[in-house]
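First comes the structure, then the notes that go with it.
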Amino acid sequence: MKRLNLFLCAAALTSASFAQTAALNPGTVSYTIQQDGKDLGTASYTIQNAPNKYILTSNGKMTESKFSYAFSNTQKVDTSLNLIAAQLSGVVNGKAVSFGLKSDPTGRQFKLDISANGQQEQNAIDRDLNTVMLTDLDPAGYMLLAQVAMRSPSNSWALIPKENGFLVPVKFSPKPDTQGRLNGQPVHVRYTSAAISSQNAITIELFYSTDGKLLEADLPEQNFYVIRDGFKLTNRPKAPAPPHGEAPPPESQQQGPPTAATQ
């Protein structure tokens with residue numbers, strides 16, 4: 001089975017993780033999934049406190065013409081938001097898929113268990129700081145990505161739960177702050193563009209509060225918008241072009257959300 005080794009500094013996970021400890025507030029936040037101004041589905045996440053970690057449960061569902069997608073994801077992250085374990089299950093056009101991961105005893109790798117198309121597979125990938133599991137249209141992943149963006153790390157990574165699972169680099173580009181309204185009240189909005197992968201990169205436009213609460217995540221190349229209920233951008237910035245001017249391959253655009261596995 002193919003492994004993608006990025007020679008990450010996994011040993012750093014056992015040392016002082018980040019300069020400051022992140023803090024997530026317990027509770028549930030709900031979002032609407034839109035395309036071309038049309039509501040296609042809903043998603044939400046719930047944060048729970050646990051000893052020395054947070055438990056994030058998220059779920060969503062959407063229907064687009066002949067395409068249907070639903071997911072349920074449970075992630076465990078430590079108090080510095082390092083990913084510890086996750087269990088993702090999904091249904092793509094009526095076919096069930098699952099994707100599980102957990103840290104190995106050394107803390108240097110993630111062990112992956114994938115079930116799709118009636119087959120069970122295992123894989124292993126390196127583990128590093130600033131790694132976010134990005135399930136399609138999962139607001140929990142986008143919220144964690146915004147939290148990482150606020151730290152301006154020199155290196156960060158996205159764990160993509162498709163095929164056998166793989167890591168790709170993330171490049172953050174801070175953009176000018178903007179304004180919006182949340183439940184009718186004005187709110188200051190921070191804006192960061194995240195380029196996912198260095199080849200055929202796609203961008204995720206992250207709009208979030210000053211304390212990292214996700215307000216909106218836009219996927220312009222796929223024409224999806226995940227918008228917090230009650231939120232509206234006052235002036236929507238024009239999304240930047242993907243790095244090198246590259247868009248996703250046509251088959252990726254046609255498939256929409258997950259192709260192989262979602263935890």
Side-chain angles (χ1 to χ4, degrees), residues 1-22 52-56 58 73-90 97-116 119-136 138 140-172 192 194-204 206 243 248 252 258-263:
M1 183 175 298
K2 183 179 179 181
R3 291 186 182 181
L4 181 61
N5 294 312
L6 298 182
F7 304 104
L8 310 179
C9 184
L13 286 169
T14 60
S15 62
S17 301
F18 294 106
Q20 65 181 56
T21 299
N52 302 315
K53 59 181 173 287
Y54 296 104
I55 299 174
L56 287 76
S58 54
N73 191 8
T74 299
Q75 300 184 69
K76 296 179 182 180
V77 299
D78 67 20
T79 54
S80 292
L81 306 189
N82 296 310
L83 182 61
I84 301 170
Q87 183 61 52
L88 174 66
S89 60
V97 294
S98 67
F99 186 98
L101 72 88
K102 61 181 179 180
S103 174
D104 75 356
T106 70
R108 294 183 173 88
Q109 286 190 321
F110 284 120
K111 298 297 185 182
L112 310 180
D113 290 295
I114 305 107
S115 174
Q119 297 183 344
Q120 297 284 140
E121 297 191 45
Q122 288 77 42
N123 196 6
I125 59 173
D126 293 312
R127 186 173 182 239
D128 193 24
L129 298 173
N130 305 315
T131 296
V132 176
M133 181 174 168
L134 287 182
T135 302
D136 287 311
D138 185 349
Y142 303 143
M143 179 273 292
L144 291 171
L145 197 64
Q147 292 280 342
V148 172
M150 292 176 66
R151 297 171 175 143
S152 301
S154 56
N155 294 289
S156 53
W157 312 92
L159 169 56
I160 309 299
K162 295 182 180 180
E163 300 174 1
N164 294 333
F166 53 95
L167 286 166
V168 293
V170 178
K171 181 180 179 181
F172 295 110
T192 297
I196 312 300
S197 186
S198 55
Q199 285 190 323
N200 292 323
I202 65 168
T203 57
I204 300 176
L206 298 167
S252 296
T259 55
T262 311
Q263 175 153 311

- Query: Is any side-chain heavy atom of L81 less than 4.5 Å from a side-chain heavy atom of R151?
  - Reply: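 A side-chain contact under 4.5 Å exists here.
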- Do Q75 and N73 have side-chain heavy atoms sitting under 4.5 Å apart?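 Yes. Closest side-chain heavy atoms under 4.5 Å.
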Nearest-0.5 Å distance that lies between atom [atom1] in [X] and atom [atom2] in [Y]:
X    : Y    : atom1 : atom2 : answer
Q122 : D113 : CD    : CG    : 5.0 Å
L145 : I204 : CG    : CD1   : 6.0 Å
D126 : W157 : CG    : CH2   : 9.5 Å
D128 : N155 : CG    : CG    : 7.5 Å
T79  : N52  : OG1   : CG    : 6.5 Å
L83  : L56  : CG    : CG    : 10.0 Å

- Decide side chain to side chain contact (heavy atoms under 4.5 Å, CB included) for M133 and F110; before the verdict, give the C-alpha distance in whole Å, the side-chain angles of both, and the deciding distance to 0.1 Å. CA-CA 12 Å; M133 181 174 168; F110 284 120; over 6 Å; no
- Query: Above 12 or not: heavy atoms from other molecules or residues under 6.0 Å from NZ of K102?
  - Reply: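 No, because the 6.0 Å sphere around NZ of K102 holds 12 heavy atoms or fewer from other groups.
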- Message: Between N82 and S80, is there a side-chain donor-acceptor contact under 3.5 Å, judged purely by atom types and distance?
- Response: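 N82 and S80 do not have a side-chain donor-acceptor pair below 3.5 Å.
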Over all atoms of both residues, closest heavy-atom pair of [X] and [Y]:
X    : Y    : answer
V97  : A116 : CG1-CB, 3.8 Å
P153 : N130 : CB-ND2, 3.4 Å
L112 : N164 : CD1-O, 3.4 Å
I125 : G165 : CG2-O, 4.1 Å
A158 : I196 : CB-CG2, 4.1 Å
F172 : V148 : CE1-CG1, 3.8 Å

- Task: Would you please name every residue forming a side chain to side chain donor-acceptor pair (under 3.5 Å) with Q120, sequence neighbours left out?
- Result: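 Scan of Q120 (side chain to side chain donor-acceptor pair (under 3.5 Å), adjacent residues dropped) gives S115.
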- Message: Run the side chain to side chain contact (heavy atoms under 4.5 Å, CB included) test on K162 and D136 for me, step by step, so that the C-alpha distance in whole Å, both residues' side-chain angles and the decisive distance to 0.1 Å come before the verdict.
- Response: CA-CA 10 Å; K162 295 182 180 180; D136 287 311; 3.0 Å; yes
- Item | Ionic contact status for D104 with R127, cut-off 4.0 Å |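 Answer for the salt bridge query: no.
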- Message: Checking side-chain contact (heavy atoms from CB on, under 4.5 Å) between L159 and each of L134, L101, T135, which is the one that passes?
- Response: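 The residue from L134, L101, T135 that satisfies side-chain contact (heavy atoms from CB on, under 4.5 Å) with L159 turns out to be L101.
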